[in-house]
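Values below: all heavy atoms of this structure, side chains included; hydrogens, waters and symmetry mates excluded. Everything numeric in this text was worked out from a predicted model, so none of it was measured. Proteins get letters first, then strands, A, B, ... in listed order; numbering begins at 1 in each.
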There are 2 protein chains.
Amino acid sequence: MPRNKRHLETKIKKEEIEFVAMALLKQKGYDNTSMAEIARAAGIAANTIYWYFENKDDVLISVLNRVVAQAMKELSEQREQPLRTKLLSLIAQVESSGSLMTDVHSRVSHSPKIQAWHDRFHTMVEQLSVSELVNAGVNPLEALLDAKLLIYVIEGLLAHPHQPEEREQIIDQALKHVFA
Amino acid sequence: MPRNKRHLETKIKKEEIEFVAMALLKQKGYDNTSMAEIARAAGIAANTIYWYFENKDDVLISVLNRVVAQAMKELSEQREQPLRTKLLSLIAQVESSGSLMTDVHSRVSHSPKIQAWHDRFHTMVEQLSVSELVNAGVNPLEALLDAKLLIYVIEGLLAHPHQPEEREQIIDQALKHVFA
DNA sequence: ATATTTCTTGAATGGCATTCAAGATAATAT
DNA sequence: ATATTATCTTGAATGCCATTCAAGAAATAT
(Lines give C-alpha, C1' and ligand atoms only; values in the text may rest on other atoms or scores of the structure.)
Protein backbone atom coordinates (compact mmCIF):
# COMPACT_ATOMS: atom_id res chain seq x y z
CA MET A 1 0.00 0.00 0.00
CA PRO A 2 2.82 2.49 0.26
CA ARG A 3 3.00 2.48 -3.48
CA ASN A 4 0.44 5.25 -3.37
CA LYS A 5 2.59 8.05 -4.60
CA ARG A 6 3.90 5.93 -7.46
CA HIS A 7 0.40 4.97 -8.48
CA LEU A 8 -0.74 8.54 -8.43
CA GLU A 9 2.09 9.75 -10.57
CA THR A 10 1.50 6.94 -13.00
CA LYS A 11 -2.11 7.95 -13.33
CA ILE A 12 -1.14 11.56 -13.87
CA LYS A 13 1.37 10.67 -16.53
CA LYS A 14 -1.16 8.53 -18.31
CA GLU A 15 -3.58 11.42 -18.25
CA GLU A 16 -0.93 13.71 -19.67
CA ILE A 17 -0.45 11.36 -22.60
CA GLU A 18 -4.21 11.13 -23.10
CA PHE A 19 -4.40 14.88 -23.05
CA VAL A 20 -1.88 15.50 -25.81
CA ALA A 21 -3.20 12.49 -27.73
CA MET A 22 -6.68 13.94 -27.57
CA ALA A 23 -5.53 17.24 -29.02
CA LEU A 24 -3.62 15.56 -31.83
CA LEU A 25 -6.27 12.99 -32.67
CA LYS A 26 -9.02 15.59 -32.71
CA GLN A 27 -6.97 17.82 -34.94
CA LYS A 28 -5.42 15.35 -37.35
CA GLY A 29 -7.36 12.12 -37.02
CA TYR A 30 -6.20 8.63 -36.19
CA ASP A 31 -4.25 7.72 -39.29
CA ASN A 32 -2.47 11.03 -39.58
CA THR A 33 -1.26 10.95 -36.01
CA SER A 34 1.65 8.64 -35.29
CA MET A 35 2.61 7.23 -31.94
CA ALA A 36 5.95 8.96 -32.36
CA GLU A 37 4.16 12.26 -32.75
CA ILE A 38 2.09 11.76 -29.62
CA ALA A 39 5.21 10.77 -27.73
CA ARG A 40 7.10 13.83 -28.95
CA ALA A 41 4.24 16.09 -27.88
CA ALA A 42 4.22 14.40 -24.50
CA GLY A 43 7.98 14.74 -24.12
CA ILE A 44 8.72 11.03 -23.89
CA ALA A 45 10.27 8.33 -26.04
CA ALA A 46 7.99 6.76 -28.60
CA ASN A 47 7.89 3.36 -26.99
CA THR A 48 7.18 4.70 -23.52
CA ILE A 49 3.55 5.04 -24.53
CA TYR A 50 3.43 1.26 -24.55
CA TRP A 51 4.00 1.10 -20.85
CA TYR A 52 0.78 3.06 -20.31
CA PHE A 53 -1.28 1.77 -23.23
CA GLU A 54 -1.49 -1.59 -24.92
CA ASN A 55 -1.49 -0.14 -28.40
CA LYS A 56 -2.67 2.76 -30.51
CA ASP A 57 -6.31 1.69 -30.45
CA ASP A 58 -6.09 1.68 -26.69
CA VAL A 59 -5.00 5.30 -26.80
CA LEU A 60 -7.92 6.06 -29.09
CA ILE A 61 -10.37 4.43 -26.69
CA SER A 62 -9.11 6.46 -23.77
CA VAL A 63 -9.46 9.63 -25.79
CA LEU A 64 -12.95 8.61 -26.92
CA ASN A 65 -14.01 8.06 -23.33
CA ARG A 66 -12.86 11.55 -22.49
CA VAL A 67 -14.71 13.03 -25.43
CA VAL A 68 -17.89 11.16 -24.57
CA ALA A 69 -17.68 12.13 -20.91
CA GLN A 70 -17.40 15.76 -21.93
CA ALA A 71 -20.32 15.45 -24.35
CA MET A 72 -22.43 13.82 -21.65
CA LYS A 73 -21.67 16.61 -19.27
CA GLU A 74 -22.71 19.24 -21.80
CA LEU A 75 -25.80 17.23 -22.61
CA SER A 76 -26.84 16.99 -18.98
CA GLU A 77 -26.66 20.77 -18.78
CA GLN A 78 -29.40 20.93 -21.40
CA ARG A 79 -31.89 18.80 -19.54
CA GLU A 80 -34.61 21.43 -19.94
CA GLN A 81 -34.06 22.07 -23.63
CA PRO A 82 -36.21 20.52 -26.37
CA LEU A 83 -34.95 17.50 -28.25
CA ARG A 84 -34.03 19.60 -31.27
CA THR A 85 -31.69 21.78 -29.23
CA LYS A 86 -30.15 18.76 -27.58
CA LEU A 87 -29.49 17.10 -30.90
CA LEU A 88 -27.93 20.17 -32.45
CA SER A 89 -25.72 20.71 -29.45
CA LEU A 90 -24.72 17.04 -29.47
CA ILE A 91 -23.78 17.32 -33.11
CA ALA A 92 -21.75 20.43 -32.45
CA GLN A 93 -20.04 18.61 -29.59
CA VAL A 94 -19.08 15.57 -31.60
CA GLU A 95 -18.12 17.67 -34.56
CA SER A 96 -15.54 19.48 -32.48
CA SER A 97 -13.81 16.14 -32.09
CA GLY A 98 -12.95 16.14 -35.77
CA SER A 99 -13.03 12.81 -37.53
CA LEU A 100 -12.88 10.74 -34.35
CA MET A 101 -16.26 9.11 -34.91
CA THR A 102 -15.39 8.27 -38.48
CA ASP A 103 -12.11 6.88 -37.19
CA VAL A 104 -14.02 4.66 -34.82
CA HIS A 105 -16.08 3.23 -37.65
CA SER A 106 -13.05 2.63 -39.78
CA ARG A 107 -11.21 0.84 -36.98
CA VAL A 108 -14.08 -1.37 -35.89
CA SER A 109 -12.95 -4.08 -38.26
CA HIS A 110 -9.33 -3.92 -37.09
CA SER A 111 -9.74 -4.01 -33.36
CA PRO A 112 -12.18 -6.01 -31.24
CA LYS A 113 -11.72 -3.49 -28.46
CA ILE A 114 -12.81 -0.65 -30.71
CA GLN A 115 -15.66 -2.85 -31.88
CA ALA A 116 -16.75 -3.35 -28.28
CA TRP A 117 -16.45 0.35 -27.50
CA HIS A 118 -18.50 1.18 -30.58
CA ASP A 119 -21.25 -1.25 -29.65
CA ARG A 120 -21.46 0.04 -26.11
CA PHE A 121 -21.59 3.60 -27.36
CA HIS A 122 -24.36 2.80 -29.78
CA THR A 123 -26.60 1.11 -27.26
CA MET A 124 -26.01 3.99 -24.88
CA VAL A 125 -27.04 6.60 -27.44
CA GLU A 126 -29.95 4.41 -28.42
CA GLN A 127 -31.27 4.15 -24.88
CA LEU A 128 -30.86 7.85 -24.40
CA SER A 129 -32.73 8.56 -27.59
CA VAL A 130 -35.55 6.17 -26.84
CA SER A 131 -36.21 7.71 -23.47
CA GLU A 132 -36.05 11.17 -25.03
CA LEU A 133 -38.55 10.17 -27.67
CA VAL A 134 -40.96 8.47 -25.29
CA ASN A 135 -40.68 11.48 -23.02
CA ALA A 136 -41.51 13.71 -25.94
CA GLY A 137 -44.65 11.75 -26.70
CA VAL A 138 -43.62 9.22 -29.30
CA ASN A 139 -45.42 5.91 -29.30
CA PRO A 140 -43.12 3.62 -27.28
CA LEU A 141 -43.52 0.81 -29.76
CA GLU A 142 -42.02 2.95 -32.48
CA ALA A 143 -39.54 4.82 -30.35
CA LEU A 144 -36.78 2.25 -30.81
CA LEU A 145 -37.05 2.32 -34.57
CA ASP A 146 -37.21 6.08 -34.60
CA ALA A 147 -34.19 6.23 -32.35
CA LYS A 148 -32.21 4.16 -34.82
CA LEU A 149 -33.33 6.40 -37.65
CA LEU A 150 -32.28 9.49 -35.75
CA ILE A 151 -28.91 8.03 -34.85
CA TYR A 152 -28.17 7.18 -38.46
CA VAL A 153 -29.24 10.63 -39.58
CA ILE A 154 -26.97 12.18 -36.98
CA GLU A 155 -24.09 9.95 -38.02
CA GLY A 156 -24.72 10.94 -41.61
CA LEU A 157 -24.67 14.60 -40.71
CA LEU A 158 -21.43 14.13 -38.82
CA ALA A 159 -19.76 12.12 -41.55
CA HIS A 160 -20.56 14.64 -44.27
CA PRO A 161 -19.88 18.35 -44.38
CA HIS A 162 -22.91 20.60 -44.09
CA GLN A 163 -23.73 24.24 -43.64
CA PRO A 164 -25.31 24.85 -40.24
CA GLU A 165 -28.62 25.86 -41.87
CA GLU A 166 -28.74 22.73 -43.96
CA ARG A 167 -27.97 20.63 -40.93
CA GLU A 168 -30.84 22.23 -39.06
CA GLN A 169 -33.18 21.72 -42.00
CA ILE A 170 -32.35 18.04 -42.09
CA ILE A 171 -32.74 17.62 -38.35
CA ASP A 172 -36.05 19.46 -38.48
CA GLN A 173 -37.28 17.28 -41.28
CA ALA A 174 -36.33 14.16 -39.35
CA LEU A 175 -38.01 15.40 -36.19
CA LYS A 176 -41.11 16.40 -38.15
CA HIS A 177 -41.39 12.84 -39.42
CA VAL A 178 -40.76 11.27 -36.05
CA PHE A 179 -43.33 13.43 -34.29
CA ALA A 180 -45.92 13.34 -37.07
CA MET B 1 -2.13 5.26 -84.41
CA PRO B 2 -0.78 1.80 -85.12
CA ARG B 3 -0.25 1.38 -81.40
CA ASN B 4 -3.69 -0.21 -81.27
CA LYS B 5 -2.74 -3.70 -80.27
CA ARG B 6 -0.48 -2.45 -77.52
CA HIS B 7 -3.20 -0.22 -76.13
CA LEU B 8 -5.69 -3.02 -76.13
CA GLU B 9 -3.45 -5.37 -74.24
CA THR B 10 -2.68 -2.66 -71.74
CA LYS B 11 -6.38 -2.14 -71.12
CA ILE B 12 -6.91 -5.85 -70.67
CA LYS B 13 -4.08 -6.15 -68.19
CA LYS B 14 -5.39 -3.20 -66.24
CA GLU B 15 -8.78 -4.86 -66.10
CA GLU B 16 -7.20 -8.06 -64.87
CA ILE B 17 -5.61 -6.20 -62.00
CA GLU B 18 -8.91 -4.48 -61.22
CA PHE B 19 -10.63 -7.83 -61.24
CA VAL B 20 -8.38 -9.48 -58.66
CA ALA B 21 -8.23 -6.24 -56.67
CA MET B 22 -12.02 -6.15 -56.56
CA ALA B 23 -12.20 -9.67 -55.20
CA LEU B 24 -9.58 -8.99 -52.54
CA LEU B 25 -10.90 -5.58 -51.53
CA LYS B 26 -14.46 -6.85 -51.26
CA GLN B 27 -13.35 -9.77 -49.17
CA LYS B 28 -10.77 -8.21 -46.89
CA GLY B 29 -11.25 -4.47 -47.08
CA TYR B 30 -8.83 -1.72 -48.02
CA ASP B 31 -6.47 -1.75 -45.06
CA ASN B 32 -6.18 -5.50 -44.88
CA THR B 33 -5.29 -5.83 -48.55
CA SER B 34 -1.74 -4.88 -49.48
CA MET B 35 -0.52 -3.89 -52.91
CA ALA B 36 1.86 -6.85 -52.71
CA GLU B 37 -1.10 -9.15 -52.17
CA ILE B 38 -2.99 -7.76 -55.15
CA ALA B 39 0.13 -8.08 -57.26
CA ARG B 40 0.70 -11.67 -56.18
CA ALA B 41 -2.90 -12.55 -57.03
CA ALA B 42 -2.46 -10.91 -60.42
CA GLY B 43 0.80 -12.73 -61.04
CA ILE B 44 2.97 -9.63 -61.35
CA ALA B 45 5.62 -7.85 -59.33
CA ALA B 46 4.34 -5.56 -56.61
CA ASN B 47 5.52 -2.38 -58.23
CA THR B 48 4.11 -3.23 -61.64
CA ILE B 49 0.74 -2.08 -60.37
CA TYR B 50 2.15 1.42 -60.36
CA TRP B 51 2.49 1.41 -64.10
CA TYR B 52 -1.28 0.94 -64.39
CA PHE B 53 -2.45 2.89 -61.35
CA GLU B 54 -1.16 6.00 -59.65
CA ASN B 55 -1.50 4.59 -56.18
CA LYS B 56 -3.61 2.37 -53.97
CA ASP B 57 -6.49 4.83 -53.77
CA ASP B 58 -6.57 4.83 -57.54
CA VAL B 59 -7.03 1.08 -57.50
CA LEU B 60 -9.83 1.52 -54.99
CA ILE B 61 -11.56 4.06 -57.22
CA SER B 62 -11.45 1.75 -60.22
CA VAL B 63 -12.91 -1.04 -58.15
CA LEU B 64 -15.60 1.26 -56.79
CA ASN B 65 -16.60 2.28 -60.28
CA ARG B 66 -17.02 -1.37 -61.20
CA VAL B 67 -19.10 -2.04 -58.10
CA VAL B 68 -21.30 0.97 -58.74
CA ALA B 69 -21.77 0.08 -62.39
CA GLN B 70 -22.91 -3.38 -61.38
CA ALA B 71 -25.27 -1.97 -58.75
CA MET B 72 -26.73 0.43 -61.31
CA LYS B 73 -27.34 -2.38 -63.70
CA GLU B 74 -29.17 -4.43 -61.09
CA LEU B 75 -31.11 -1.37 -60.07
CA SER B 76 -32.22 -0.66 -63.61
CA GLU B 77 -33.57 -4.19 -63.79
CA GLN B 78 -35.94 -3.29 -60.97
CA ARG B 79 -37.51 -0.33 -62.69
CA GLU B 80 -41.03 -1.63 -62.06
CA GLN B 81 -40.49 -2.51 -58.41
CA PRO B 82 -41.66 -0.29 -55.54
CA LEU B 83 -39.13 1.94 -53.79
CA ARG B 84 -38.94 -0.39 -50.83
CA THR B 85 -37.83 -3.28 -52.99
CA LYS B 86 -35.32 -1.12 -54.78
CA LEU B 87 -33.81 0.09 -51.54
CA LEU B 88 -33.53 -3.38 -50.06
CA SER B 89 -31.93 -4.71 -53.20
CA LEU B 90 -29.54 -1.76 -53.29
CA ILE B 91 -28.54 -2.45 -49.72
CA ALA B 92 -27.98 -6.11 -50.50
CA GLN B 93 -25.89 -5.09 -53.49
CA VAL B 94 -23.65 -2.73 -51.59
CA GLU B 95 -23.42 -5.12 -48.68
CA SER B 96 -21.97 -7.76 -50.94
CA SER B 97 -19.07 -5.41 -51.51
CA GLY B 98 -18.04 -5.84 -47.91
CA SER B 99 -16.65 -2.79 -46.16
CA LEU B 100 -15.89 -0.89 -49.35
CA MET B 101 -18.27 1.96 -48.57
CA THR B 102 -16.89 2.30 -45.08
CA ASP B 103 -13.43 2.26 -46.60
CA VAL B 104 -14.43 5.14 -48.85
CA HIS B 105 -15.52 7.21 -45.89
CA SER B 106 -12.37 6.48 -43.98
CA ARG B 107 -10.16 7.45 -46.91
CA VAL B 108 -11.97 10.64 -47.84
CA SER B 109 -9.68 12.62 -45.57
CA HIS B 110 -6.53 11.04 -47.00
CA SER B 111 -7.12 11.37 -50.70
CA PRO B 112 -8.69 14.23 -52.65
CA LYS B 113 -9.48 11.81 -55.43
CA ILE B 114 -11.47 9.60 -53.09
CA GLN B 115 -13.09 12.73 -51.74
CA ALA B 116 -14.15 13.70 -55.26
CA TRP B 117 -15.41 10.22 -56.01
CA HIS B 118 -17.40 10.20 -52.80
CA ASP B 119 -18.99 13.57 -53.56
CA ARG B 120 -19.95 12.53 -57.06
CA PHE B 121 -21.42 9.30 -55.78
CA HIS B 122 -23.46 11.12 -53.18
CA THR B 123 -25.00 13.62 -55.54
CA MET B 124 -25.78 10.79 -57.93
CA VAL B 125 -27.60 8.75 -55.30
CA GLU B 126 -29.30 11.92 -54.13
CA GLN B 127 -30.64 12.75 -57.57
CA LEU B 128 -31.80 9.21 -58.06
CA SER B 129 -33.57 9.25 -54.72
CA VAL B 130 -35.23 12.59 -55.31
CA SER B 131 -36.69 11.49 -58.61
CA GLU B 132 -37.81 8.24 -57.04
CA LEU B 133 -39.52 10.11 -54.24
CA VAL B 134 -41.21 12.64 -56.46
CA ASN B 135 -42.31 9.83 -58.70
CA ALA B 136 -43.76 8.05 -55.72
CA GLY B 137 -45.80 11.08 -54.78
CA VAL B 138 -43.67 12.95 -52.26
CA ASN B 139 -44.00 16.71 -52.19
CA PRO B 140 -41.13 17.93 -54.41
CA LEU B 141 -40.21 20.63 -51.93
CA GLU B 142 -39.47 18.03 -49.29
CA ALA B 143 -38.09 15.36 -51.56
CA LEU B 144 -34.53 16.61 -51.33
CA LEU B 145 -34.53 16.60 -47.54
CA ASP B 146 -36.19 13.21 -47.46
CA ALA B 147 -33.64 11.89 -49.91
CA LYS B 148 -30.82 12.96 -47.62
CA LEU B 149 -32.56 11.32 -44.68
CA LEU B 150 -32.97 8.10 -46.61
CA ILE B 151 -29.36 8.10 -47.74
CA TYR B 152 -28.11 8.52 -44.22
CA VAL B 153 -30.37 5.78 -42.97
CA ILE B 154 -29.11 3.49 -45.69
CA GLU B 155 -25.51 4.35 -44.88
CA GLY B 156 -26.23 3.65 -41.27
CA LEU B 157 -27.74 0.29 -42.10
CA LEU B 158 -24.72 -0.55 -44.22
CA ALA B 159 -22.20 0.57 -41.65
CA HIS B 160 -23.74 -1.45 -38.84
CA PRO B 161 -24.61 -5.13 -38.71
CA HIS B 162 -28.31 -5.97 -38.76
CA GLN B 163 -30.54 -8.97 -39.10
CA PRO B 164 -32.47 -8.84 -42.40
CA GLU B 165 -35.77 -8.45 -40.55
CA GLU B 166 -34.49 -5.59 -38.46
CA ARG B 167 -33.16 -3.93 -41.56
CA GLU B 168 -36.53 -4.19 -43.22
CA GLN B 169 -38.26 -2.83 -40.15
CA ILE B 170 -36.02 0.19 -40.16
CA ILE B 171 -36.46 0.79 -43.87
CA ASP B 172 -40.22 0.43 -43.50
CA GLN B 173 -40.27 2.89 -40.64
CA ALA B 174 -38.29 5.40 -42.68
CA LEU B 175 -40.54 4.97 -45.70
CA LYS B 176 -43.62 5.28 -43.52
CA HIS B 177 -42.35 8.63 -42.28
CA VAL B 178 -41.40 9.86 -45.72
CA PHE B 179 -44.72 8.93 -47.27
CA ALA B 180 -46.87 10.00 -44.32
C1' DA C 1 23.34 -1.35 1.32
C1' DT C 2 21.00 -4.63 -1.46
C1' DA C 3 17.43 -6.64 -3.89
C1' DT C 4 13.08 -5.85 -6.32
C1' DT C 5 9.75 -3.63 -8.67
C1' DT C 6 8.57 0.14 -11.72
C1' DC C 7 9.55 3.04 -15.41
C1' DT C 8 12.34 4.64 -19.62
C1' DT C 9 14.79 4.23 -23.66
C1' DG C 10 17.85 3.18 -28.04
C1' DA C 11 17.88 -0.02 -31.08
C1' DA C 12 15.70 -3.60 -33.50
C1' DT C 13 11.80 -6.00 -36.39
C1' DG C 14 8.61 -6.59 -39.78
C1' DG C 15 5.12 -4.59 -42.67
C1' DC C 16 3.66 -1.20 -45.65
C1' DA C 17 3.08 2.08 -49.93
C1' DT C 18 5.81 3.98 -53.01
C1' DT C 19 10.07 5.22 -55.90
C1' DC C 20 14.23 4.34 -58.66
C1' DA C 21 17.21 2.72 -61.94
C1' DA C 22 18.11 -0.72 -64.91
C1' DG C 23 16.62 -4.44 -67.73
C1' DA C 24 13.37 -6.85 -71.17
C1' DT C 25 10.04 -6.63 -74.80
C1' DA C 26 7.72 -4.89 -78.54
C1' DA C 27 6.78 -1.12 -82.15
C1' DT C 28 8.65 2.06 -85.27
C1' DA C 29 11.93 4.23 -88.22
C1' DT C 30 15.99 3.73 -91.24
C1' DA D 1 17.53 -6.46 -91.14
C1' DT D 2 19.14 -3.22 -87.87
C1' DA D 3 19.05 0.58 -84.96
C1' DT D 4 16.17 3.58 -82.25
C1' DT D 5 12.58 4.56 -79.44
C1' DA D 6 8.57 3.83 -76.59
C1' DT D 7 6.41 0.60 -73.56
C1' DC D 8 6.33 -2.48 -69.87
C1' DT D 9 8.55 -5.17 -65.88
C1' DT D 10 11.21 -5.90 -62.01
C1' DG D 11 14.71 -6.32 -57.84
C1' DA D 12 16.22 -3.48 -54.84
C1' DA D 13 15.89 0.58 -52.35
C1' DT D 14 13.50 4.35 -49.24
C1' DG D 15 11.06 6.05 -45.67
C1' DC D 16 7.30 5.70 -42.52
C1' DC D 17 4.83 3.17 -39.25
C1' DA D 18 3.28 0.32 -35.00
C1' DT D 19 5.19 -2.56 -32.05
C1' DT D 20 8.80 -5.44 -29.47
C1' DC D 21 13.11 -6.35 -27.00
C1' DA D 22 16.69 -6.13 -23.96
C1' DA D 23 19.10 -3.40 -21.11
C1' DG D 24 19.58 0.47 -18.18
C1' DA D 25 17.92 4.13 -14.55
C1' DA D 26 15.02 5.36 -10.70
C1' DA D 27 12.18 4.55 -6.94
C1' DT D 28 10.79 1.49 -3.26
C1' DA D 29 11.18 -2.29 -0.04
C1' DT D 30 14.12 -5.33 2.96
Side-chain angles (χ1 to χ4, degrees), chain A residues 1-18 20-21 24-25 27-63 99 103-104 106-114, chain B residues 1-18 20-21 24-25 28-63 103-104 106-114:
Chain A
M1 52 192 72
R3 51 228 263 256
N4 252 342
K5 194 175 162 200
R6 207 77 186 276
H7 264 187
L8 207 70
E9 280 171 12
T10 295
K11 193 179 283 184
I12 287 174
K13 186 135 198 185
K14 187 173 182 182
E15 280 168 357
E16 271 174 24
I17 297 175
E18 282 175 17
V20 301
L24 287 172
L25 288 175
Q27 206 192 352
K28 323 203 311 161
Y30 185 90
D31 286 342
N32 293 319
T33 305
S34 71
M35 292 296 258
E37 214 170 341
I38 296 171
R40 204 179 319 127
I44 56 180
N47 48 357
T48 301
I49 299 182
Y50 290 86
W51 195 86
Y52 297 94
F53 300 89
E54 260 188 35
N55 51 39
K56 196 179 175 184
D57 287 301
D58 228 53
V59 176
L60 176 59
I61 288 176
S62 292
V63 168
S99 61
D103 290 338
V104 170
S106 75
R107 290 215 63 72
V108 157
S109 68
H110 299 73
S111 151
K113 274 184 145 182
I114 297 280
Chain B
M1 38 195 86
R3 50 229 265 258
N4 251 343
K5 195 173 160 201
R6 207 73 186 276
H7 263 189
L8 206 70
E9 280 170 13
T10 295
K11 193 180 282 185
I12 287 175
K13 186 134 197 188
K14 187 173 181 180
E15 281 167 357
E16 271 173 23
I17 297 174
E18 282 175 17
V20 301
L24 287 172
L25 288 176
K28 322 201 315 160
Y30 185 90
D31 286 341
N32 293 319
T33 306
S34 72
M35 292 297 257
E37 214 171 342
I38 296 172
R40 203 178 320 127
I44 57 180
N47 48 355
T48 301
I49 298 182
Y50 289 86
W51 196 87
Y52 297 92
F53 300 89
E54 260 187 37
N55 50 39
K56 195 179 175 184
D57 287 302
D58 229 51
V59 177
L60 175 59
I61 287 176
S62 292
V63 168
D103 290 338
V104 170
S106 75
R107 292 215 62 74
V108 157
S109 68
H110 299 72
S111 152
K113 273 184 145 182
I114 297 278

Separation of atom [atom1] in [X] from atom [atom2] in [N], rounded to whole Å:
X	N	atom1	atom2	answer
A:Tyr50	C:dT6	OH	P	22 Å
B:Ile38	C:dA17	CD1	P	8 Å
B:Met35	D:dT10	CE	C1'	15 Å
A:Tyr52	D:dT19	OH	C1'	18 Å
A:Leu24	D:dC17	CG	C1'	16 Å
B:Trp51	C:dG23	CH2	C1'	16 Å
B:Lys14	D:dT7	NZ	P	15 Å
A:Asp31	C:dA17	CG	P	13 Å

Examine [N]: is either OP1 or OP2 under 4.0 Å from a nitrogen or oxygen in the side chain of [X]? Give yes or no.
X	N	value
B:Thr48	D:dC8	no
B:Thr10	D:dC8	yes
B:Lys13	D:dT9	yes

May I ask you to test the A:Phe53-A:Ile61 pair for a side-chain heavy-atom distance under 4.5 Å? no
Close side-chain approach of B:Ile44 and B:Ile17, heavy atoms under 4.5 Å: yes
Is it the case that B:His110 and B:Asp57 place a side-chain donor and acceptor less than 3.5 Å from each other?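 No, no side-chain donor-acceptor contact under 3.5 Å.
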Counting only side-chain heavy atoms from C-beta out, which of D:dT10, C:dT18, D:dT19 sits nearest to A:Lys56? D:dT19
So if I take every side-chain heavy atom of A:Ser34 and compare against D:dT9, D:dC17, C:dC7, which nucleotide ends up nearest?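 The answer is D:dC17.
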Output yes when a side-chain donor or acceptor of A:Lys56 lies under 3.5 Å from a complementary backbone atom of A:Tyr30, and no otherwise. yes
Using a 4.0 Å heavy-atom cut-off, does A:Phe53 contact any base of the nucleic acid, only the sugar-phosphate backbone, or nothing at all?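 Touches nothing.
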For A:Val20 and A:Ile38, which heavy atoms make the closest approach, and how far apart are they?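 Taking A:Val20 first and A:Ile38 second, the nearest heavy atoms are CG2-O, 3.9 Å.
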